[in-house]
There are 2 protein chains.
Amino acid sequence: MARTQGSHSDITGPRVRDAALRLFARHGYAAVSMRQIAAAVGVQAGALYNYTPDKQTLLFDLMRGHMEDLLAAWDAAEPEGDAMAALEAFTRFHIRFNTSRADAVFVSYMELRNLEPENFAVIEGLRREYETRLEAVLRRGAEAGAMVVAEPRIASMALIAMLTGVNTWYRAEGRLSLAEVEAVYWDMVRRSVVG
Amino acid sequence: MARTQGSHSDITGPRVRDAALRLFARHGYAAVSMRQIAAAVGVQAGALYNYTPDKQTLLFDLMRGHMEDLLAAWDAAEPEGDAMAALEAFTRFHIRFNTSRADAVFVSYMELRNLEPENFAVIEGLRREYETRLEAVLRRGAEAGAMVVAEPRIASMALIAMLTGVNTWYRAEGRLSLAEVEAVYWDMVRRSVVG
DNA sequence: GGTTTAACTGAACATTCGTTCAGATCAAAG
DNA sequence: CTTTGATCTGAACGAATGTTCAGTTAAACC
């Protein structure tokens, strides 16, 4: 048998997270066993516990990591300038970021109900933070008279839901390029907030 | 012990489906056991098999029933007249129908990956039919010059995603009435398709 | 080259799973 | 009152679950 033991912590750790994310996205947290994850990595189930205290924490860490990445990426990408430019940037950023991490987006939305209450509260808080980022843009646009937004909070949730929907049908090899998809959605987003 | 046996088929049947739908929505198909469903109904697990051949079919029947109800309800509700009126009707119908059946909507979207391939194909087909109904309205509006819709198929998916998002935050006891929610969303939908 | 130790194996633990089925029960039919 | 048949119980089946841990392996260190 090939060498299967030794020091691989820095290699195996990411592979555990990658395999768990892929399997959770495909089959759902509850339907995936620790043995399946281990098999995908190429180790026995017991070895996973060198990398996570338990299955729940593995899920939670994946979701928190994704949400924190999302917030950090937007904070780094948000442009200076007027609200309309920020809204376009948000639209394109959200589509690009989410399609590039489809599994993490899927898991972070679908597995909320499998989080223990305190873990759920953390992820929910991060999600609300993200919504608040967009809400701030809409409020700024409304105050400047560049946008018409009767309910900024609801509008932010509505737009995010619309944009996240891209993930349900977009395929890299499909008819439209990502840039074209961005353009189609930006068209709809822009129109939905102008008088 | 109270009477627990006898002829209750027409009573127990719906109760099994109701309990299963509620539990599937709350905890997920894979995380809910037949014993939990049975306990919610007040019978032993074995009794469930008088009402479904297996757990998978129970899930599938719930999802198919919901999707068929959805299509039938829209076909009954779609107004004659111009495309813009049809779009407003669709917007209000979708919000009203979906918020009134939140559990079924949730399950029909979240549990797709737990369907066996042939069952998945059926539900996916019904979903596409529903999208096609809206797409037809958008095409009609574009042809009549009343709407600007560059990609009717994508626009229909985008609008449905936006409208279905209401379910994630709407509560009957919340600040806005359903009629007010409808108005907010119709405002955004209308603007998103006019030049 | 011998020692240390992180990484992993393989077996075991108590639970729980979906499903089956012989037998008990009771409303309805004769 | 007796019979019938749908409905449900309660126990059982093998398989799978998350997690633990004593022991094995091999890379890294002195």
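Please read all numbers here as calculations on a predicted model, not as lab measurements. Hydrogens, waters and symmetry mates play no part in the numbers below; they use all other heavy atoms, side chains included. By convention in this document, chain letters (A, B, ...) are assigned in the order of the sequence lines, proteins followed by strands, and residues within each chain are numbered from 1.
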Residue B:Asn50, side-chain heavy atoms: nucleotide from C:dT9, D:dT7, C:dT19 that is nearest: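 My answer, after comparing the listed nucleotides, is D:dT7.
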Closest listed nucleotide, where the reference is the side chain of B:Tyr51 and the choices are D:dT20, C:dC17, D:dC8: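 The closest nucleotide is D:dC8.
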What is the separation between atom [atom1] on [X] and atom [atom2] on [N], rounded to the nearest whole Å?
X       : N      : atom1 : atom2 : value
B:Leu48 : C:dC21 : CG    : P     : 17 Å
B:Ile11 : C:dA27 : CD1   : P     : 12 Å
A:Lys55 : D:dT20 : NZ    : P     : 15 Å
B:Tyr49 : C:dG18 : OH    : P     : 7 Å
B:Ile37 : C:dT16 : CD1   : P     : 17 Å
A:Arg15 : C:dA7  : CZ    : P     : 15 Å
A:Gln44 : C:dT9  : CD    : C1'   : 6 Å
A:Leu59 : D:dT19 : CG    : P     : 12 Å

Salt bridge (Lys or Arg N to Asp or Glu O under 4.0 Å) partners for A:Arg171, two or more places apart: none
Residues A:Arg127 and A:Ser108: side-chain donor-acceptor under 3.5 angstrom: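 Per modelled atom types, A:Arg127 and A:Ser108 side chains form no pair under 3.5 Å.
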Members of residues 23-32 of chain A that approach DNA chain C, where some heavy atom sits under 4.0 Å away: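 Heavy-atom cutoff 4.0 Å gives no residues at all.
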Upstream residue (5' side of DNA chain D) when B:Ala47 and A:Ala47 are each assigned their closest nucleotide: B:Ala47
Residue met sooner reading DNA chain D from 5', once A:Met34 and B:Ala45 are mapped to nucleotides: B:Ala45
From B:Lys55 atom NZ to B:Phe24 atom CZ, the distance as rounded to the nearest 0.5 Å: 5.5 Å
Side-chain N,O (B:Thr12) to OP1/OP2 (D:dC8) below 4.0 Å: yes
Who passes side chain to side chain donor-acceptor pair (under 3.5 Å) against [X], sequence neighbours left out?
X        : value
B:Arg139 : B:Glu135
B:Arg35  : none
A:Thr57  : A:Asp54
A:Glu143 : none

List the atom pairs, with distances to 0.1 Å, where a side-chain N or O of residues 63-70 of chain B and a protein N or O form a donor-acceptor pair under 3.5 Å, not counting sequence neighbours.
unit_1, atom_1, unit_2, atom_2, d
B:Arg64, NH2, B:Asp61, OD1, 3.3
B:Asp69, OD2, B:Arg101, NH1, 3.1

Side-chain hydrophobic cluster, 4.5 Å single linkage: members besides B:Val105: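 B:Val105 shares its hydrophobic cluster with no other residue.
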Check the interface with nucleotides 12-16 of chain D: list each N/O to N/O pair with the protein under 3.5 Å, or write none.
unit_1, atom_1, unit_2, atom_2, d
D:dA12, N6, B:Arg35, NH2, 3.2

